Amino acid sequence: MERRSLLKAIAAAPFAALATRGFAAAPPATMKDVEELQKNWKMLLAAGMSVPRPAEKLELSKDEWRKRLDPQAYRVLREEGTERAGTSPLDREKREGVFACAGCGLPLFTSAMKFDSGTGWPSFFTTIPGAFGTSRDFKLIYPRTEYHCARCGGHHGHVFEDGPPPTRLRYCNNGVALKFIPRSGKA
């Protein structure tokens, strides 16, 4: 083996471990590990997949959004609704891949960022950098942090500070606001 090939293999080993850790693995132990997940999220993207960037804004009229989304996704993404707990098959999704916005296709989370919160909604302990904007929500009287897609502004859910270490965050996402893109490329 050439020296250059050996050095490349050694350098790639930690990233290969991140890509193969899968859903069942425990969340990362340190913030440095979380940063590595965020930095290397494209490793869980299907081969040859091109994805939009947050800066490529998507602005549509209400009628255009209604044509693009099914009624439940429209209610959640465009009217800040909430789906019933336990109704999304994405809460039980265990394959490797990327979770993208159902409205515009922007990658938001990877399967390595997901955990089972027991709430009935897909939950994540961190996000792909730049995927979301946040705002304060007082709809239940007490303040909550709402997060929305950085590209299309679609409402996804709320972030809470009761997740696993080291982030202690739980991004509680409506399943209808997401589409899952398996790493294998096979739906």
Side-chain angles (χ1 to χ4, degrees), residues 18-28 33-56 58 65 68-70 72-78 80-134 145-160 163-164 167 169-187:
L18 283 174
T20 59
R21 43 183 269 138
F23 174 83
D33 295 336
V34 171
E35 291 166 5
E36 286 296 315
L37 282 177
Q38 291 174 323
K39 184 173 128 187
N40 298 301
W41 69 268
K42 288 184 179 179
M43 293 180 72
L44 291 171
L45 200 55
M49 177 98 187
S50 68
V51 293
R53 295 183 329 239
E56 298 169 355
L58 179 63
W65 280 118
R68 186 179 185 111
L69 302 169
D70 69 53
Q72 191 176 10
Y74 180 87
R75 190 177 71 74
V76 169
L77 286 164
R78 308 316 308 167
E80 299 179 358
T82 301
E83 69 186 352
R84 276 190 5 255
T87 59
S88 175
L90 293 182
D91 186 35
R92 296 171 297 283
E93 179 60 63
K94 295 184 181 345
R95 294 174 292 171
E96 287 187 334
V98 173
F99 294 84
C101 178
C104 70
L106 181 70
L108 308 172
F109 308 100
T110 70
S111 54
M113 298 170 178
K114 189 172 187 283
F115 73 100
D116 184 3
S117 66
T119 61
W121 288 282
S123 297
F124 306 86
F125 57 83
T126 192
T127 71
I128 292 172
F132 292 113
T134 61
T145 301
E146 173 195 345
Y147 59 96
H148 49 275
C149 176
R151 181 169 186 239
C152 71
H155 168 79
H156 277 265
H158 293 86
V159 62
F160 302 97
T167 66
L169 297 176
R170 174 174 54 95
Y171 287 83
C172 188
N173 214 100
N174 287 282
V176 296
L178 296 170
K179 66 178 178 180
F180 182 69
I181 305 163
R183 184 174 182 205
S184 67
K186 298 176 185 173

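None of the values given here were measured: they were computed from a predicted structure.
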Inset, instruction - Give the intermediate values and the outcome of side chain to side chain contact (heavy atoms under 4.5 Å, CB included) for residues Ile128 and Met113. - result: CA-CA 9 Å; Ile128 292 172; Met113 298 170 178; 4.1 Å; yes

Inset, instruction - Quick one: do Cys101 and His148 satisfy side chain to side chain contact (heavy atoms under 4.5 Å, CB included)? Show the steps, please. - result: CA-CA 10 Å; Cys101 178; His148 49 275; over 6 Å; no

Inset, instruction - Please step through side chain to side chain contact (heavy atoms under 4.5 Å, CB included) for the pair Arg68 and Leu77, ending with a clear verdict. - result: CA-CA 12 Å; Arg68 186 179 185 111; Leu77 286 164; over 6 Å; no

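Here ring pair (Phe, Tyr, Trp, His ring centres under 6.0 Å) pairs that include residues 87-111, with residues two or more places apart or in two chains, are Phe99-Phe124, Phe99-Phe180, Phe109-Phe124, Phe109-Phe132.
Scanning both residues, Leu106 and Cys149, for their nearest heavy atoms gives CD2-SG, 3.8 Å. The minimum heavy-atom distance linking Cys172 with Thr119 is given by the pair SG-OG1, 4.3 Å. For the pair Asp91 and Pro122, the tightest heavy-atom approach, listed with the atom from each and the gap, is OD1-N, 3.6 Å. When all heavy atoms of Pro28 and Asp33 are compared, the pair lying nearest together is CB-CB, 3.2 Å. Closest approach of Leu37 and Phe125 over heavy atoms only: CD1-CZ, 3.8 Å. Of all heavy-atom pairs spanning Ala102 and Leu69, the tightest one is O-CD2, 3.8 Å.
Atoms NZ and CG, on Lys94 and Asp116 in that order, are 6.5 Å from each other to the nearest 0.5 Å. Going from atom CD of Glu96 over to atom CG of Leu44 covers 5.5 Å, rounded to the nearest 0.5 Å.
Within the 3.5 Å criterion, the main-chain N or O of Arg95 finds no donor-acceptor partner in the side chain of Arg183. Using a distance-only test at 3.5 Å, with no hydrogens or angles considered, no donor-acceptor pair links the side chain of Tyr171 to the main chain of Lys114. Looking only at distances, a side-chain donor or acceptor of Ser111 sits under 3.5 Å from a matching main-chain atom of Gly97. Counting only distance, with no hydrogens or angles, the side chain of Glu83 and the backbone of Gln72 share no donor-acceptor pair below 3.5 Å. No donor-acceptor distance shorter than 3.5 angstrom exists from the side chain of Asn173 to the backbone of Ser123, with no hydrogens or angles considered. Using modelled atom types, no side-chain atom of Trp41 and backbone atom of Thr127 make a donor-acceptor pair closer than 3.5 Å. Put simply, the side chain of Arg170 never gets that close to the backbone of Ser117: no donor and acceptor are under 3.5 Å apart.
Crowding of Arg84 atom CZ: a count of heavy atoms from other residues, nucleotides or ligands under 6.0 Å not exceeding 12.
By the side-chain contact (heavy atoms from CB on, under 4.5 Å) test, Glu35 pairs with Gln38, sequence neighbours left out. Evaluation of the ring-ring contact (aromatic ring centres under 6.0 Å, His included) rule for His155 yields His158 as partners, not counting sequence neighbours.
Side-chain contact check for Leu178 versus His156: some heavy-atom pair is nearer than 4.5 Å.
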